[in-house]
Amino acid sequence: MIPPTDPGRLTHLFFGPQHPGVTGNMSVEMWFDGDEITRAITHVGYLHRGFEKLMERRLWIQNFPLVCRICVPEPDINEECYALAVEALDGIEVPERARWIRTLVLELARLGVNLMAFGGQAGTIGLGTGAMWGITLRDFVLDLFEELSGGRIYHMYIIPGGVRRDLPDGFADRVLSVLETIEERLPEMDRLILNNSVFKDRTVGVGPVDKSWIREMGLVGPVARGSGSRRDVRKDHPYEAYSLLDFQVVSEDGCDIYSRALVRRREIDLSIDLIRQVLSSVPEGPVSVPLPNLTEWRIPSGEVYTRVESSRGEYGYYVVSDGGLRPRRVHVRGPSYVHAVTLLERMLVGANIADVSNIMVSLTTCPPEIER
Amino acid sequence: MYCNRIPDRPDERKRIWDRVDDMARANSLWVTAYGTGCGAIELRPLHTSRFDMERFGIAMRPTPRQADVLIISGYLAVKTLKRVIRVYEQMQDPKYIIALGSCTINGGMYFDSYNTLNILDRYLPVDVYVNGCMPRPEAIIDGFSLLMRKIKDGHADGWKHYRENLDFYRENQKSVISDWDLPDYNW
Amino acid sequence: MKDCLHGMLTESAREWDVVRESDGYLHVMVPEERVLEVILGARGRCGMTVLQLISAVDRMETGAFQLTWIMEGDDDGSVFMVSAFYPREDCTVPTMGDLWPAAVAFERELREMYGIRFPGNPRQDEDFLLEGWKEIPPMRRDFNTLEYSMRTFGERRERKHIDPREYISEMTGEWDTPVPIKDGEE
């Protein structure tokens, strides 16, 4: 039910694309009564590149450099989902060592994004030190990726059939030393951000996500797990090496911004633990399966929907093939599709104008995956 | 209240006071905080102490009225171009544009997309291009130091070119944006 | 879960094809008149309470759009997908906006990208991703995106192609093959 707008009494404001408090490049159009929002509409489309049309024009193997540019902070989940879909359609078996290396790469990417998001939550209320520390710690992880694959942000490392090349010599020791460095600095970040009375005043009880909305709108990820849900694709439908690892799903009960920040902080600990488990039990063997001639590679016709757990929630790819050299249809479903368009418009009603940026960052909306 | 004709050309003589001005401008470039595309994620590490852009005098400002430089970080969708034109024209002269990535030079990997521009130079005057996909923070600092050298030599006049050839730029912009509702003069 | 779905399908749809089936995953193709019953049955009786995606594929050769609804169960996360064919001209599909609020956004995007109309959707005609678009809906198979890009954004700059052997022989005056050339590679 959309409340009526009164042109004489209400203020009309654009929280537009050029704003340091917006995550990425999207805008929210709002109507206020004094200090309180009565109606909000999200506008997306500033980053639309037409990926799905471009993917229909390229060969199956030419798509994987294109696919990682859909989500900018965490590109490995896109490569993983696309590779899983192609392998499911073509019946390719990935070797054991490649599965463990893929798990390692996914957990490292998740660690980097969670560090930045946890610090970024402090940045929205003015605590710039927390934001700087989060980005600095993420730089250590990006250096590891640069050694592994050659690029800091876009790796293009996970391909259908395995991974592109083996781990360098001594890589495991360097990963463990980076984890030690991060673990030394985390207690200080905790003292600064979570033990801070100003942070608690601004985040406890603000931006509530009702438990009934989880089922009604299909919320996933830390947004749902901060309100008591226990759904995680890594536990329900394990892929890669997750069925052989030992971990518990992280979930809190507070339903507000503070509990979502706590969920992300505990997932940093979970990622560090999982990386240590992977490095201690990765087996030897080949890292990829030889693929046929890539310019003549035809995939049998069929349709599949594959899912991966990203740091924001459940990420899905719907791939349709008609037996040709090029995909017929690829549809990308990011978790921000529901969070930024449907949930945000409902959450902002009744909120204070000073909390809009706070709420948007706590949902960690990523506009490129809404509009591809 | 707003002027409704193209303003006059400034005086072209290079006096000693202009050279002092240029040196002052080059040493304190303030950037509008607008993340237009992919490359915005490599602008955040520039704040941290590892790459430290504040030692060059570069800082991020939230409003375009206080800034000199606009960084176009990657491809531009048509919907974003309309907002970027508005932001660019709100900045005060002299102003500069740095274009990051290969998508602004010749279309990059989105050359056949129906929603992204191919050549940025037709719509906005660009001073420095930085290569890469996406450029590292050290490459962005290299681009900034090239811009500073250009300003000190007096060659960075994209804003003068925009002012004098406004018809050419407006015609290109209107051919791409179909629901045009911006003013026809340069603010 | 699977038995409940099979039972519900036998009652509501009478005939249905299985597109793909595996552990915790079922994808069926039903006739277009039965779609609403199947979806309501899955939601009400079999616990598939979460809608993840509404997607469309343009089957231009047979003159139809294939619409797919992807649903998930709330307690264990298993996937159930329903597909149906609709005629391509003046396509109208029943809306799921009353059952799930997230479906309103999915249907807005499908109207913009394919031209499929969902009568009953309250925000059907608002622009979602494109602004001021005047051509046919861009995701249809008969829209040529390269030709549109060259026409609207102009021709790109010329690119030079440099053969490494010629370049090196110009720079150093000679071309010595340090790496033997394999057969068929030239």
Side-chain angles (χ1 to χ4, degrees), chain A residues 1-2 41-50 52-54 56-57 88-89 213-220 224 229-233 235-237 302-307 309 314 316-320 322 328-335 337-343 345-346 370-372, chain C residues 19-20 22-25 27 29 43 47 49-61 66 68 70-81 83 99-106 108-110 112-113 122-123 126-131 133 138-141 143-146 148-149:
Chain A
M1 199 30 225
I2 304 177
I41 299 181
T42 318
H43 292 285
V44 290
Y46 297 99
L47 296 166
H48 179 60
R49 289 160 271 186
E52 303 174 347
K53 190 81 181 177
L54 295 184
E56 291 176 14
R57 281 177 38 97
L89 284 176
W213 292 350
I214 300 178
R215 180 182 282 220
E216 194 185 318
M217 295 197 227
L219 307 181
V220 288
S229 156
R230 306 194 65 84
R231 300 287 318 288
D232 191 336
V233 181
K235 254 317 192 215
D236 301 328
H237 291 268
E303 314 177 7
V304 73
Y305 179 70
T306 51
R307 302 176 285 173
E309 174 83 14
E314 177 183 316
Y317 262 58
Y318 175 58
V319 179
V320 176
D322 58 355
R328 183 58 190 256
R329 172 85 166 109
V330 180
H331 196 145
V332 179
R333 194 263 189 211
Y337 207 129
V338 175
H339 293 172
V341 180
T342 316
L343 177 65
E345 293 181 358
R346 197 186 282 199
I370 307 175
E371 19 177 274
R372 281 114 32 210
Chain C
V19 177
R20 194 180 173 96
S22 75
D23 195 28
Y25 183 105
H27 184 179
M29 179 86 73
R43 180 177 190 254
T49 49
V50 175
L51 178 74
Q52 288 282 49
L53 189 61
I54 304 180
S55 175
V57 182
D58 188 357
R59 303 275 184 196
M60 203 166 83
E61 336 53 82
Q66 176 191 342
T68 309
I70 302 180
M71 289 178 275
E72 275 191 13
D74 193 36
D75 40 358
D76 63 348
S78 51
V79 165
F80 175 57
M81 298 162 65
S83 285
L99 304 173
W100 288 289
V104 172
F106 296 137
R108 272 167 78 191
E109 188 195 343
L110 285 181
E112 201 174 38
M113 290 288 152
R123 300 172 70 174
E126 285 182 28
D127 275 337
F128 190 54
L129 296 179
L130 305 170
E131 201 179 50
W133 183 255
M139 280 295 289
R140 293 192 172 207
R141 292 289 275 191
F143 176 71
N144 189 347
T145 170
L146 179 64
Y148 177 80
S149 168

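A, B, ... follow the sequence lines: proteins, then strands. Residue 1 opens every chain.
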Practice task
Quick one: which of C:D23, C:L51, C:T68 has the most heavy-atom pairs under 4.5 Å with chain A, could you say?
Solution key: C:T68

Fill in the blank from the handout: To the nearest 0.5 Å, atom OG1 of A:T42 lies from atom CG of A:L343 at 9.5 Å

Practice task
On the 0 to 90° scale, with breaks at 30° and 60°, tag the C:Y148-C:F143 ring pair as parallel, tilted or perpendicular.
Solution key: tilted

Problem - Interatomic spacing from CD in A:E314 to CZ in A:R307 - rounded to 0.5 Å - result: 5.0 Å

Problem - Residue pair A:R333 / A:H331, side-chain donor-acceptor N/O under 3.5 Å - result: no

Problem - Toward chain A, the part of C:Q66 with a non-hydrogen atom under 4.5 Å - result: side chain

Practice task
Answer with side chain, backbone, both or neither: which region of A:R328 has an atom nearer than 4.5 Å to a non-hydrogen atom of chain C?
Solution key: both

Exercise for the section: Please state whether the side chain, the backbone, both or neither of C:L130 comes within less than 4.5 Å of a heavy atom of chain A. Expected result: side chain

Exercise for the section: Pick one of side chain, backbone, both or neither for C:A56, based on which atoms fall under 4.5 Å of a heavy atom in chain A. Expected result: backbone

Fill in the blank from the handout: For A:Y337, the ring-ring contact (aromatic ring centres under 6.0 Å, His included) test, sequence neighbours excluded, returns C:F106

Exercise for the section: Could you tell me which portion of C:P138 (side chain, backbone, both or neither) has an atom closer than 4.5 angstrom to a non-hydrogen atom of chain A? Expected result: backbone

Handout entry: Heavy-atom proximity to chain C below 4.5 Å, by part of A:A88
Key = both

Handout entry: Electrostatic pair A:E56:C:R141 at N-O distance under 4.0 angstrom
Key = yes

Problem - Check ion pair A:E303-C:R20 (N to O, under 4.0 angstrom) - result: no

Practice task
Pick whichever of A:V338, A:I370, A:V304 has the most heavy-atom pairs under 4.5 Å with chain C.
Solution key: A:V304

Practice task
Select one option (side chain, backbone, both, neither) describing which atoms of A:Y318 are under 4.5 Å from chain C's heavy atoms.
Solution key: side chain

Exercise for the section: Quick one: closest heavy-atom pair of C:T49 and C:W100, and the distance? Expected result: O-NE1, 3.0 Å

Practice task
Sort C:R43 into side chain, backbone, both or neither according to what part of it lies under 4.5 angstrom from a heavy atom of chain A.
Solution key: neither

Handout entry: Which portion of A:R215 sits near chain C, non-hydrogen atoms under 4.5 angstrom
Key = both

Problem - Under the side-chain hydrogen bond (donor to acceptor under 3.5 Å, both in side chains) test, residues paired with A:R346 that sit two or more places apart - result: A:E216

Problem - Atom group of A:V44 that falls short of 4.5 Å from chain C, counting heavy atoms - result: both

Practice task
Could you look at C:D58 and say if it's the side chain, the backbone, both or neither that has a heavy atom under 4.5 Å from chain A?
Solution key: backbone

Problem - Residue part contacting chain A, namely of C:E61, when any heavy atom lies under 4.5 Å - result: side chain

Exercise for the section: Using modelled atom types only, decide if a donor and an acceptor are shared between the side chain of A:K53 and the backbone of C:N144 within a distance under 3.5 Å. Expected result: no

Handout entry: Contact leader toward chain C among A:H43, A:E371, A:R231, where contacts are heavy-atom pairs under 4.5 Å
Key = A:R231

Fill in the blank from the handout: If one checks every heavy atom of C:S22 against chain A at 4.5 Å, the contacting part turns out to be neither

